[in-house]
Amino acid sequence: MRNAFKNLILLIFLSLFTEFSFAQYYRLIAIGSMHIAVEDMDNELNLYDFGENPAWVINDEIQNRIWMHTSYDKSRGEYKRTYDPYGLNLYDIRFLRVQTLGNSGTFKGWASYSGEIREKLYGSLLLSPYDGKAFFVTDTTTGNFRYQIIRIGFDYGIEVLKHIYAGINVNYNLVDGLKDIYTRARDIYRQVHISPALAIQITRNLNIGFKLAISNWHEKIEAKSEDLYDAEVYLYRGNLYAVKKISNVIDLKLKERDIGLGIQTIYKPNDNFQLGIKLNLKQTGQYILIPYGLLKEYEFGYTNFYEFNMNFLSRLKLNRKSTVGATLKYEYSDIWSKHSPRNLLLWKEKIKNFEIGLGLWSNLLNPISAGIELLYKNSSADSMKYIDNIFKLIKGDNYTLKIGSEFKINKITLRMGFNYMFSTKDLTLGGDNVNYSSFSFGISYNPVADMIFVLGKSYAKIDQTEISVRRDMLKLILILKF
């Protein structure tokens with residue numbers, strides 16, 4: 001027991017040097033990001049892969065492994081919002097370590113280093129300007145923002161009583177960003193996330209889990225004068241009205257605290273049918289704080305986020321070679337922002353998403369496996385921007401087709417995928433009649449390495465005019481397994 005405890009402490013230390021989420025779906029990315037009916041080691045219908053419950057890691061991860069993952073993402077084009085960059089380059093390296101500890105549980109640790117370059121970014125000094133709040137922080141220049149990102153974390157699960165499991169997920173993120181021209185703004189972001197969990201095997205066919213999620217993050221922005229020029233920064237409430245600040249040094253802070261609760265259920269009445277259900281509820285409070293005096297600060301604005309989502313996924317084996325699946329999702333967000341000094345409501349938005357999908361995966365023509373997925377999504381946003389005197393009810397429909405296949409030759413597996421999506425209205429970027437398509441290709445040499453390539457393009461019309469815009473995307477991934 002003492003040696004197992006020492007091993008656990010050592011592995012926690014190693015995780016600081018070795019981001020990895022619950023599932024990375026490398027194989028699924030290569031076959032067009034299909035997931036409904038495809039069974040995979042990182043896409044199982046259980047409390048860990050589907051339910052994201054860390055207590056179940058002891059039953060999901062049963063083999064020791066070390067993975068190294070490197071990737072490069074690139075996108076550029078005119079299809080974007082005002083404070084989005086024209087170009088985005090993201091590269092990272094990640095390490096994953098899974099260690100089973102016998103009766104002492106299972107440990108899964110990860111760490112990553114990423115670099116992000118936002119090219120031709122106009123104005124915005126915030127890491128996430130479009131997360132729903134009614135506040136923007138800008139300067140008057142267009143330049144490149146460079147970020148360095150470090151993420152570390154781990155999952156740990158243990159059986160505390162017979163068929164009762166406890167676990168925890170811990171994540172720490174650090175982001176350091178710098179704008180390459182005046183105002184030379186620096187953006188430092190820190191986040192700590194802790195999620196204790198419980199999982200219970202009620203019967204041989206029924207498992208249920210509970211998860212509490214607590215996060216706290218802090219973002220600090222600092223702009224300094226350059227040569228003979230004072231720093232000039234605009235603090236927006238809404239899209240139209242700003243407070244201008246001019247000084248040698250301008251700094252402000254954003255703080256966020258959120259708490260969430262999740263419930264997961266997996267039902268498997270027989271070897272051919274599985275059903276998973278998960279519900280999540282989260283409340284978030286976000287504050288923008290302006291320092292004054294030596295140690296004081298006042299609240300410039302506050303945003304409250306209320307989010308609820310539920311997800312159903314089922315799979316049915318038609319025979320030994322074919323599986324069909326169905327998914328149903330519902331998401332609801334209620335977001336409001338207020339002018340804190342006067343307690344005035346500025347923005348209020350309600351966003352709803354409903355999605356349904358069907359999938360088929362089969363290897364009828366051995367050694368070739370192939371599948372198809374069809375998804376429909378309906379979205380609506382009721383936006384009331386009181387300070388801007390803008391009131392809109394926006395609705396849009398999404399239609400998605402995914403096709404994927406893989407071909408095995410001894411230890412080599414070739415994978416291909418195709419995605420096509422048509423959206424009548426893009427609620428995120430604002431385009432009409434959006435067409436998106438992507439091709440993916442992957443090659444795997446088991447059990448050593450995987451390589452994945454993804455090329456994507458999107459086209460959209462702006463505000464129901466004949467003006468078309470485009471955005472291109474490239475993704476490269478290399479995975480080494482030890």
Side-chain angles (χ1 to χ4, degrees), residues 19 21-22 51-54 81 83 124-137 147 149 151 153 168-175 177 187-197 210-221 235-239 252-264 278-290 297-311 329-341 343-353 379-387 427-428:
E19 167 180 66
S21 62
F22 284 89
E52 299 180 325
N53 187 315
R81 296 164 294 191
Y83 300 129
S124 179
L125 306 181
L126 294 173
L127 181 64
S128 302
Y130 290 109
D131 58 359
K133 59 180 174 288
F135 308 102
F136 301 93
V137 181
Y147 292 94
I149 307 165
R151 300 182 178 97
I168 190 169
N169 165 255
V170 177
N171 280 284
Y172 175 75
N173 299 326
L174 173 63
V175 182
D187 185 6
I188 298 177
Y189 171 95
R190 298 181 180 89
Q191 181 194 36
V192 177
H193 174 90
I194 300 175
S195 183
F210 305 90
K211 180 178 69 171
L212 179 67
I214 303 171
S215 293
N216 188 298
W217 66 254
H218 175 277
E219 182 176 1
K220 181 179 180 180
I221 299 170
L235 309 179
Y236 276 86
R237 292 186 175 106
N239 292 318
L252 60 94
K253 299 176 182 178
L254 282 80
K255 293 183 179 180
E256 180 176 293
R257 301 179 181 90
D258 61 57
I259 184 169
L261 176 66
I263 303 174
Q264 316 87 34
K278 63 178 178 180
L279 308 174
N280 291 294
L281 181 66
K282 186 171 76 169
Q283 188 275 332
T284 302
Q286 188 178 115
Y287 306 81
I288 296 183
L289 304 173
I290 308 296
E297 52 191 18
Y298 77 93
E299 188 178 307
F300 180 80
Y302 172 80
T303 302
N304 186 82
F305 302 81
Y306 170 81
E307 300 169 84
F308 170 77
N309 66 74
M310 59 181 178
N311 190 349
K329 297 180 181 179
Y330 175 75
E331 300 172 343
Y332 173 80
S333 299
D334 188 335
I335 308 170
W336 55 265
S337 298
K338 73 174 183 178
H339 182 304
S340 296
N343 197 31
L344 294 176
L345 186 63
L346 303 176
W347 279 10
K348 184 174 178 61
E349 294 183 302
K350 294 183 179 180
I351 304 170
K352 299 178 182 178
N353 295 304
S379 302
S380 65
D382 188 359
S383 175
M384 294 169 284
K385 298 182 177 181
Y386 298 102
I387 190 171
L427 270 65
T428 302

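Source: prediction; values computed, not measured.
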Counting only heavy atoms not in K385 (residues, nucleotides, ligands), do more than 12 fall under 6.0 Å from its NZ?
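Enclosed: over 12 neighbouring heavy atoms sit under 6.0 Å from NZ of K385.
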Verdict with reasoning, Y287 to R257, per side chain to side chain contact (heavy atoms under 4.5 Å, CB included):
CA-CA 9 Å; Y287 306 81; R257 301 179 181 90; 3.8 Å; yes
Shortest non-hydrogen contact from [X] toward [Y]:
{"X": "S337", "Y": "T303", "answer": "OG-OG1, 2.8 Å"}
{"X": "S340", "Y": "Y302", "answer": "OG-N, 3.4 Å"}
{"X": "I351", "Y": "A381", "answer": "CG1-CB, 4.3 Å"}
{"X": "N280", "Y": "G262", "answer": "OD1-CA, 3.4 Å"}
{"X": "K133", "Y": "L254", "answer": "CE-CD2, 4.0 Å"}
{"X": "L427", "Y": "S379", "answer": "CD2-CB, 3.8 Å"}

Would you check if [X] and [Y] make a side-chain contact, meaning some heavy-atom pair closer than 4.5 Å?
{"X": "Y83", "Y": "Y130", "value": "yes"}
{"X": "Q286", "Y": "K255", "value": "no"}
{"X": "K350", "Y": "K352", "value": "no"}
{"X": "L289", "Y": "L252", "value": "no"}
{"X": "K211", "Y": "E52", "value": "yes"}
{"X": "L344", "Y": "Y386", "value": "no"}

For the pair Y189 (side chain) and I149 (backbone), establish whether a donor and an acceptor sit closer than 3.5 Å, ignoring hydrogens and angles.
no
T284 side chain to D258 main-chain N or O, any donor-acceptor pair under 3.5 Å?
no
Please round to the nearest 0.5 Å and tell me the distance separating atom [atom1] of [X] and atom [atom2] of [Y].
{"X": "N309", "Y": "K278", "atom1": "CG", "atom2": "NZ", "value": "7.5 Å"}
{"X": "R190", "Y": "L174", "atom1": "CZ", "atom2": "CG", "value": "6.0 Å"}
{"X": "I214", "Y": "S195", "atom1": "CD1", "atom2": "OG", "value": "8.5 Å"}
{"X": "L279", "Y": "L261", "atom1": "CG", "atom2": "CG", "value": "9.5 Å"}
{"X": "I387", "Y": "L346", "atom1": "CD1", "atom2": "CG", "value": "5.0 Å"}
{"X": "I259", "Y": "K282", "atom1": "CD1", "atom2": "NZ", "value": "11.5 Å"}

Run the numbers on F136 and N239 for side chain to side chain contact (heavy atoms under 4.5 Å, CB included), then give the verdict.
CA-CA 8 Å; F136 301 93; N239 292 318; 3.5 Å; yes
Just checking, R237 and F300: is the charged tip under 6.0 Å from the six-membered ring centre and within 45° of the axis?
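That pair qualifies as a cation-pi contact.
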[X] ring center near [Y] ring center (under 6.0 Å):
{"X": "F135", "Y": "Y236", "value": "no"}
{"X": "Y172", "Y": "W217", "value": "no"}
{"X": "F308", "Y": "Y332", "value": "no"}

D187 vs E219, test: side chain to side chain contact (heavy atoms under 4.5 Å, CB included). Steps then yes/no.
CA-CA 7 Å; D187 185 6; E219 182 176 1; 2.8 Å; yes
Any side-chain donor-acceptor pair under 3.5 Å between [X] and [Y]?
{"X": "N304", "Y": "Y306", "answer": "no"}
{"X": "Q191", "Y": "N173", "answer": "yes"}
{"X": "N169", "Y": "N171", "answer": "yes"}

Sidechain N-carboxylate O distance under 4.0 Å for E297, K253
yes
If the threshold is 4.0 Å, N to carboxylate O, is there a salt bridge linking K348 and D334?
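Answer for the salt bridge query: yes.
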Could you please spell out the steps behind the side chain to side chain contact (heavy atoms under 4.5 Å, CB included) verdict for L127 and Y147?
CA-CA 9 Å; L127 181 64; Y147 292 94; 3.6 Å; yes
